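Side-chain atoms are counted along with the backbone in the values below, which use heavy atoms only and exclude waters and symmetry mates. Owing to the predicted nature of the structure, the values given are computational and were not obtained by experimental measurement.
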Amino acid sequence: MTISLSMPGYAKINTANTRGLVIETCLRAVESILTSETLYEYAGRQPGVRQFQGRVPAYATNLGDGCGDVVVRHAMR
């Protein structure tokens, strides 16, 4: 069985290594980052990044392109 969700105002991201939803206005910025690295790698090296420690670090940073602040973390299953 396949379940497909649609959320108004969000676009799906589906690459070889990434699946998720992104606010439509930030789609281009996220796609641009994903051409060369993961969002996690990108967030971890940004100036002024805030790091939160848990099982693995989570990063709070500004995504740029008017997207605002985000928290990037690995999904732990």
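- Checked against side chain to side chain donor-acceptor pair (under 3.5 Å), Asn14 has no partners two or more places apart in sequence or in another chain.
- For the ring-ring contact (aromatic ring centres under 6.0 Å, His included) condition, no pair includes a residue of residues 6-27, sequence neighbours left out.
- Inter-residue side-chain proximity for Ile13 and Val30 is flagged as met; some heavy-atom pair is nearer than 4.5 Å.
- Rounded to the nearest 0.5 Å, atoms CZ (Arg73) and CZ (Arg55) are 8.5 Å apart.
- The two atoms that bring Gly44 and Val49 nearest to each other are O-CG1, 4.0 Å, heavy atoms only.
- Residue pairs meeting the disulfide (SG to SG under 2.5 Å) criterion with at least one member in residues 23-70, sequence neighbours excluded: Cys26-Cys67.
- Every side-chain contact (heavy atoms from CB on, under 4.5 Å) that Gln46 has, sequence neighbours left out, goes to Tyr42, Thr61.
- Scored by the side-chain contact (heavy atoms from CB on, under 4.5 Å) test, Arg50 finds Phe52, Ala60 as partners (sequence neighbours excluded).
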Donor-acceptor contacts under 3.5 Å from residues 31-40 side chains, at least two apart:
| unit_1 | atom_1 | unit_2 | atom_2 | d |
| --- | --- | --- | --- | --- |
| Thr35 | OG1 | Ser32 | O | 2.7 |
| Glu37 | OE1 | Arg45 | NE | 3.2 |
| Glu37 | OE2 | Arg45 | NH2 | 2.7 |
| Thr38 | OG1 | Tyr40 | N | 3.4 |
| Thr38 | OG1 | Glu41 | N | 2.9 |
| Thr38 | OG1 | Glu41 | OE1 | 3.4 |
| Tyr40 | OH | Pro57 | O | 2.8 |

